[in-house]
Amino acid sequence: ILLVGFTIVQGLLSNKLALMDEILQVIAAMETQLSNGPTCNNTSNGPSTISNNCSSPVESGSIEDSKTNLIVNYLPQNMTQEELKSLFGSIGEIESCKLVRDKITGQSLGYGFVNYVDPKDAEKAINTLNGLRLQTKTIKVSYARPSSASIRDANLYVSGLPKTMTQKELEQLFSQYGRIITSRILVDQVTGVSRGVGFIRFDRRVEAEEAIKGLNCQKPPGATEPITVKFANNPSQKTSQALLSQLYQSPNRRYPGPLAQQAQRFRLDNLLNMAYGVKRFSPMAIDGVTSLAGINIPGHAGTGWCIFVYNLAPDADESILWQMFGPFGAVTNVKVIRDFNTNKCKGFGFVTMTNYDEAAVAIASLNGYRLGDRVLQVSFKTNKTHKA
DNA sequence: TACGATT
């Protein structure tokens, strides 16, 4: 009976955590989409659209369609402006960098702007960092376009969707009313099943208005129930977000008890699976507490946990370290050590992670990882200077 | 093959 009870409580807790996370993501997505979000394409990751041609002809291309200024969407909630700069600075010299925060709470709104000195670096950043997985998020990197009134408030909230409806089908349903910028169907984080709720962002508000007129209270083809289509909530209602964010970052999460640890472990496993697919990692059985006992604060440096990465290729760069370690948790800094003259990687680098548990899992997962034709060796940094 | 500094 105890065991059953434990399992139930555990299930409830992990569900709650997952739901909370999802709620936060939804809010972040709403705000991102309501802001000066990326306007082109949205089907998948990778170096997708790289033009600005989506804004209306009247407003685009006039003074300057900046080829250096990027908007970065879907950043992890806890990512700071410094980390953003560090990440994108690994590509090239940055002219300016801005993480957009809530004016009242100071919380990140999950997006920011990075302006490079060189347009070439901006393009490179899109090609290499768009689609990068960081913790629970897949960041989106695209050219920032000048804001304009006509593209604002074009985000729709859709509910009552058939659980079987796919994102593609959702887009098909709405595309008759205008150009769809982003679409999303929310899924249960545990089961992956559609929650029957989604968002559609049109290019222009008028298109969104027409979609409401045409689709609200209507049954999609083959559906048995009508859907609800309305404008997504305006992010000016910040109270709920502040509450949720504070809840999410409660002491319970930072210093979890055994139960919460289990839930976090569960979440982390899922995240890892999402980030890297399957069997690239051996099954992990890391116990943050006991493994800590056997180690004399290796790699600990007040600012975080420093990790030594050995056997990097000569052409390795910082972005690969971000890509490898980012999915495991908060990464504050990465560094590839290069030869001063050749500028080639000397075969190793360092990664700083904020949280011990995440660093430990990253090490356990990435040590022995095959990168190209090399097998990496990953461990906490020691104090050893090349003695003998 | 192995543990950072041209800010």
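Within every chain, numbering begins at 1; the chains are lettered A, B, ... in the order of the sequence lines, protein sequences first and strands thereafter.
In this view, A:Glu225 satisfies the side-chain contact (heavy atoms from CB on, under 4.5 Å) rule with no residue, not counting sequence neighbours. The side-chain contact (heavy atoms from CB on, under 4.5 Å) test applied to A:Pro119 returns A:Lys67, A:Thr68, not counting sequence neighbours. Every side-chain contact (heavy atoms from CB on, under 4.5 Å) that A:Ile363 has, sequence neighbours left out, goes to A:Ile307, A:Val378, A:Phe380.
The salt bridge (charged side-chain N to carboxylate O under 4.0 Å, His left out) contacts involving residues 70-90 of chain A comprise nothing, where partners must be two or more places apart or lie in separate chains.
Taking the six-membered ring for Trp and the full ring otherwise, A:Phe199 and A:Tyr157 have centroids separated by under 6.0 Å.
Closest to the A:Ser379 side chain, of the nucleotides B:dA2, B:dA5, B:dC3, is B:dC3. Side-chain proximity of A:Thr382 to the nucleotides B:dA2, B:dC3, B:dG4 is greatest for B:dC3. Proximity note for A:Cys306 (side chain, C-beta onward) versus B:dC3, B:dG4, B:dA5: the nearest is B:dG4.
One can place CG of A:Asn311 at 7 Å from C1' of B:dT1, the figure rounded to the nearest angstrom. A:Glu318 places its CD atom 16 Å from the P atom of B:dG4, with the value rounded to the nearest Å. Here B:dC3 presents its P atom at 13 Å from CG of A:Asn383, a figure rounded to the nearest Å. Rounded to whole Å, atom C1' of B:dA5 lies 11 Å from atom CZ of A:Phe348. In this structure, CG of A:Leu376 is placed 13 Å from C1' of B:dT1, rounded to the nearest angstrom. The CG-P distance, from A:Leu321 to B:dG4, rounds to 15 Å in whole Å. A straight line from NZ of A:Lys344 to P of B:dG4 spans 22 Å, rounded to a whole angstrom. Atom CZ of A:Phe380 is separated from atom P of B:dG4 by 17 Å (rounded to the nearest Å).
As judged by a 4.0 angstrom heavy-atom cut-off over every strand, A:Phe350 is placed among the base-contacting residues.
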Enumerate, atom names and distances included, each donor-acceptor pair closer than 3.5 Å involving a side-chain atom of residues 342-351 of chain A, sequence neighbours excluded.
unit_1	atom_1	unit_2	atom_2	d
A:Thr342	OG1	A:Asp339	OD1	3.4
A:Thr342	OG1	A:Lys344	N	3.1

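Across the interface with DNA chain B, nearest-nucleotide mapping of A:Thr352 and A:Tyr310 shows A:Tyr310 to be the residue nearer the 5′ end.
The side chain to side chain contact (heavy atoms under 4.5 Å, CB included) with A:Leu75 is formed by just one residue from the set A:Leu109, A:Val100, A:Leu87, A:Leu84; it is A:Leu84.
Near DNA chain B, meaning a heavy atom under 4.0 Å away, the residues from residues 332-341 of chain A are A:Lys335, A:Ile337, A:Phe340.
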